[in-house]
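Since the structure comes first, as structure tokens, the remarks are kept for the end.
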Amino acid sequence: MVKPLNMKEKAPRRLKRQDLPKVTPALARYLIGKTLVHDWKGTRLAGRIVETEAYLVGDAAAHSFRGETPRNRSLFLERGHAYVYFIYGNHFMLNMSGGPHGTGEGVLLRAAEPLEGIDKMRMLRGTEPLRDLARGPGRLAEAFAIDRSLDGVDFCGGADLWLGSAVRSVGAIATSVRIGITKDAHRPLRFYERGNQFVSGTKAMRR
DNA sequence: AACATGATGATCT
DNA sequence: GATCATCATGTTC
């Protein structure tokens, strides 16, 4: 993948909670093109978010559907907090909470295009291909050194894990049904940058 | 029992 | 290169 010379990348600046849309599907769409940053052990791990999914109130696929539990507690924090959970015996998933405190909505970060700290990401992932470093939610979490210790962290609170502004322009954003769920599977709550090679799944899923 | 997945290897193009 | 089936894995309520 060759980067055109006229695509100048700027350094990301920290986004404030004020910048985040208050309605969760709008937040999921807003996050496409923004920069996910984890300043980790002296290295900056940064990537451009290219795929997200929203999980809402009254949504049978949402972890909050049956109310607050010890696991999903941070999903109920005010918009802009990290909700990290462990799934399938192997993978962490990174979400950003949405809505006012007590709501229980969130956005799953499903894929990112690596920008900075790529060698460290390769080390964390134990694999070489750039395209596979953060293509999929489990891979993204591994590439960005996300684990339970980051559950509940405020993305807008000056922590090492934060949300940055876009470093270059964003392409067309497309919508589809969410991936890998069985309940409320028809709702169009997945957002991705159309045609981007770092979006998860098959070719059809990035068209 | 179910789960917001990914690595692997087979089989196609 | 793309796509598909198979299956390993720990936590949750």
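Only this structure's heavy atoms are used, side chains among them; waters, hydrogens and symmetry mates stay out. Each chain gets a letter, A, B and so on, in the order its sequence line appears, and its residues count up from 1.
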Query - Phosphate contact (B:dA2 OP1 or OP2) by A:T182 side-chain N/O below 4.0 Å - result: no
Query raised in the report: Do NZ/NE/NH1/NH2 and the carboxylate oxygens of A:R178 and A:D59 come within less than 4.0 Å?
Result: yes
Report summary line: Contacts of A:G180 and A:E142 projected onto DNA chain B by closest heavy atom; the upstream (5') one is A:G180
Query raised in the report: Do A:V167 and A:L115 come within less than 4.5 Å of each other through their side chains, counting heavy atoms only?
Result: yes
Report summary line: Expected list for residues 80-92 of chain A near DNA chain B, using heavy atoms below 4.0 Å, is A:Y85, A:I87, A:Y88, A:H91
Requested in this report: State whether A:R148 and A:D151 are salt-bridged, where the test is any N-O pair (Lys NZ or Arg NE/NH1/NH2 against Asp/Glu carboxylate O) under 4.0 Å.
Outcome: no
Query raised in the report: Does A:T69 put a side-chain nitrogen or oxygen below 4.0 Å from OP1 or OP2 of C:dC13?
Result: yes
Query raised in the report: Among C:dA2, B:dC3, B:dA4, which nucleotide sits nearest the side chain of A:R110?
Result: B:dA4
**Report entry** Whether A:S97 side chain and A:G106 backbone form a donor-acceptor pair below 3.5 Å
**Finding:** no
Query raised in the report: Can you check the A:N72 CG to B:dC3 P distance for me, whole Å?
Result: 16 Å
Query raised in the report: In whole angstroms, how far is the C1' atom of B:dA4 from the OH atom of A:Y55?
Result: 4 Å
Query raised in the report: Are A:R187 and A:V177 side-chain neighbours, meaning at least one heavy-atom pair lies under 4.5 Å?
Result: no
Query raised in the report: Are A:R110 and A:Y192 in a cation-pi contact, defined as NZ or CZ under 6.0 Å from the six-membered ring centre and within 45° of the axis?
Result: no
Query raised in the report: Using the benzene-type ring in the case of Trp, are the ring centres of A:Y85 and A:H63 under 6.0 Å apart?
Result: yes
Report summary line: Taken to the nearest whole Å, CZ/A:R135 to P/B:dA7 is 10 Å
Query raised in the report: Just checking A:R125: base, sugar-phosphate only, or nothing, at a heavy-atom cut-off of under 4.0 Å?
Result: sugar-phosphate
Query - Nucleotide B:dC3, atom P - distance to CZ of A:R71 in whole Å - result: 11 Å
Report task. Could you check how far CZ of A:R206 sits from P of C:dT3, rounded to whole Å? Result -> 7 Å
Report task. State whether the side chain of A:E78 and the backbone N or O of A:P100 hold a donor-acceptor pair below 3.5 Å, judged by distance alone. Result -> no
Requested in this report: Sugar-phosphate atoms are those with a prime plus P, OP1 and OP2; base atoms are the rest. Using that split, label each nucleotide of nucleotides 8-13 of chain B B, S or - for protein heavy atoms under 4.0 Å, 5' to 3'.
Outcome: ------
Report summary line: Stems of at least 3 consecutive Watson-Crick or G-U wobble pairs (donor-acceptor distances under 3.5 Å) involving DNA chain B, listed by first number, are B:1-3 with C:10-12, B:5-12 with C:1-8
Report summary line: Which of A:M96, A:R79, A:R17, A:R14 passes side chain to side chain contact (heavy atoms under 4.5 Å, CB included) with A:F155? It is A:M96
Requested in this report: Go through the steps for A:E113 and A:R168 under the test salt bridge (Lys or Arg N to Asp or Glu O under 4.0 Å), then give the verdict.
Outcome: CA-CA 12 Å; A:E113 172 179 346; A:R168 62 168 199 264; 2.9 Å; yes
Query - Spacing between A:M93 atom CE and C:dG10 atom C1', to the nearest angstrom - result: 13 Å
Query raised in the report: Between the main-chain N or O of A:Q197 and the side-chain N or O of A:R206, is there a donor-acceptor pair closer than 3.5 Å?
Result: no
Query raised in the report: For the pair made of CZ in A:R178 and C1' in B:dC3, what is the distance, rounded to whole Å?
Result: 15 Å
Report summary line: note: A:R187, atom CZ; B:dA4, atom C1'; distance rounded to Å ~ 14 Å
Query - Main-chain N/O of A:L133 paired to A:R125 side chain as donor or acceptor, under 3.5 Å - result: yes
